[in-house]
Amino acid sequence: MSNSTSQSRRRFLMNAGASALAIPTLTDAFGKPIQSNQGQPGRKLGIALVGLGYYSKNLLAPALQQTTNCRLAGIVTGTPAKAEEWMKKYDIPKANVYDYKNFDRIIDNKDIDVVYVVLPNSMHREFVVRAAQAGKHVICEKPMAITPSDCQAMIDACRKADRQLAIGYRLHYEPFTKEVMRLGQQKVFGPVRFVEASDAFKIGDPTQWRLKKELAGGGALMDVGIYAIQGARYVTGEEPTSVTAQFSPKTDPKKFKDVEETLFWQFQFPSGAVSNSTTSYTAGVERLYASCQDGWFELSPAFGYGPLKGRTSKGPIEMPVVNHQAAHMDGVCKDLLDGKKLPDHVTGEEGLRDVTLLQAIYRAAETGRKINLKG
Ligand code: NAD
């Protein structure tokens, strides 16, 4: 195995091995563990959701009613009517309700430990930086931001504030996904030779921010194609070394005047594995398939809210069905409570890797050239 392959493999050793790895304890300037829950068993971290749109309302807030390591403690919204509704529904005190302007006052709120940014993609940077400057740990939705330099600024702000930054990579805590990571990375069916990873859906409302480049950063690739990028990376356990990509002609140029409608791309990996992916806002597909030297495995559906379903060349994959959002927030908050460094594969560094690849895919499609990556 080449050096870069073994490095990228190590980066991904996240499943069975991850819990056994000694994760360094974060310490403050005096060497004391940060935010340890020692002496406070059963303590739940207070989470404030920023942006009360579809994902917050229908997935995150309900999940926070099931979590053991965190609770819904606050909200940040630009809509006073939503604030009223949420305060009533979730018994949130007025002191824990902010708007986008007065949000920085959250620095004084001891009830809020973690800020979860659930806004349109181009707004992630500003709110992650402000949350870190207010001394809060941060969870930021995917894609982390719309450019690698935005991602770096977010990482730097959290580092400077000595706070941790997690990305909303809920599947990294999901049992079917963890199982295919194990099957691929541990070469249970021999080395992975090729991967088909695709995520697409038919988009509705033509006025939504997802179709505006300024807010979304791009089209289907930024929104769901990122799952296919993740899938190819986590079943191979490698970082791609080059990419080729193609836009398909637009079937609805008016609706997709600002962003791409359908995009195909191919990654080459250091081991010789290749992946082929589709993303689209025009019709649905949701599949992760890996063909290996001695067999195959797949998830379909692979990236949605579940239940996911999987099988291998030897039979079905049986795993517990969990609430993705609850598992993710509980997993992140457990490490925060224990004063541990978050595993690399769910942090801002992982978000930055994906956003760098998103940009490389666009460049490859725009130029028609193969783009070499660092790997
Ligand atoms: P949404 O449109 O339903 O909600 C967006 C929220 O941002 C709304 O409350 C809206 O009022 C607010 N907002 C503030 N300024 C805005 C502006 N200028 N334009 C539009 N809205 C503005 O979107 P969503 O589906 O909740 O997505 C939010 C984020 O969550 C996105 O980054 C998205 O990629 C991510 N997301 C992740 C998952 C996942 O499975 N991890 C699923 C859905 C969405």
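Note that ligands are numbered from 1 as they come in the structure, with each ligand's atoms numbered from 1 the same way.
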Q: Answer yes or no: is there an ion pair linking D91 with R71, defined by an N-O contact shorter than 4.0 Å?
A: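 Looking at D91 and R71, the cut-off is not met.
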Q: Provide the full list of ring-ring contact (aromatic ring centres under 6.0 Å, His included) pairs with a residue in residues 105-127, sequence neighbours left out, each pair given once.
A: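 Pairs touching residues 105-127 that pass the test: Y100-F127, F103-F127.
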Any side-chain donor near an acceptor of the partner, [X] and [Y], under 3.5 Å:
X    : Y    : result
Q246 : Q266 : yes
D330 : T67  : no
Y227 : E286 : no
D354 : Q230 : yes
Q268 : S242 : yes
H328 : R170 : no

I need the atoms of ligand 1 closer than 4.0 Å to a non-hydrogen atom of [X], numbered in the order shown.
X    : result
G168 : 41 (N)
L52  : 9 (O)
H124 : 32 (O)
R170 : 39 (C), 40 (O), 41 (N)
Y227 : 39 (C), 40 (O), 41 (N)

Taking distance alone, no hydrogens or angles, what donor-acceptor pairs closer than 3.5 Å link side-chain atoms of residues 58-65 to residues at least two apart or in another chain?
unit_1	atom_1	unit_2	atom_2	d
N58	ND2	Y54	O	3.1
Q65	NE2	A61	O	3.0

Taking distance alone, with no angle check, do [X] and ligand 1 share an N/O pair under 3.5 Å?
X    : answer
P120 : no
S56  : no
L119 : yes

Q.
Do N276 and F194 make a side-chain contact, defined as non-hydrogen atoms from C-beta onward lying under 4.5 Å apart?
A.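 Sidechains of F194 and N276: no contact.
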For [atom], which protein heavy atom lies nearest, and how many Å away is it?
atom                    : answer
atom 1 (P) of ligand 1  : W209 NE1, 3.7 Å
atom 32 (O) of ligand 1 : N121 OD1, 2.8 Å
atom 11 (O) of ligand 1 : K82 NZ, 3.7 Å
atom 25 (O) of ligand 1 : R210 NH2, 2.9 Å
atom 41 (N) of ligand 1 : E141 OE1, 2.9 Å
atom 14 (C) of ligand 1 : Y100 OH, 3.5 Å
atom 16 (C) of ligand 1 : M123 SD, 3.8 Å
atom 3 (O) of ligand 1  : Y54 N, 2.7 Å

Q | V321-I317 co-clustered via ILVMFWY side chain contacts under 4.5 Å | A |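 Yes, one cluster joins them.
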Q.
Heavy-atom distances under 4.0 Å decide this one: backbone, side chain, both or neither, for V118 against ligand 1?
A.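 V118 to ligand 1: contacts from backbone and side chain alike.
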Q.
Yes or no: does Y169 have any heavy atom under 4.0 Å from an atom of ligand 1?
A.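 No, Y169 has no heavy atoms under 4.0 Å from ligand 1.
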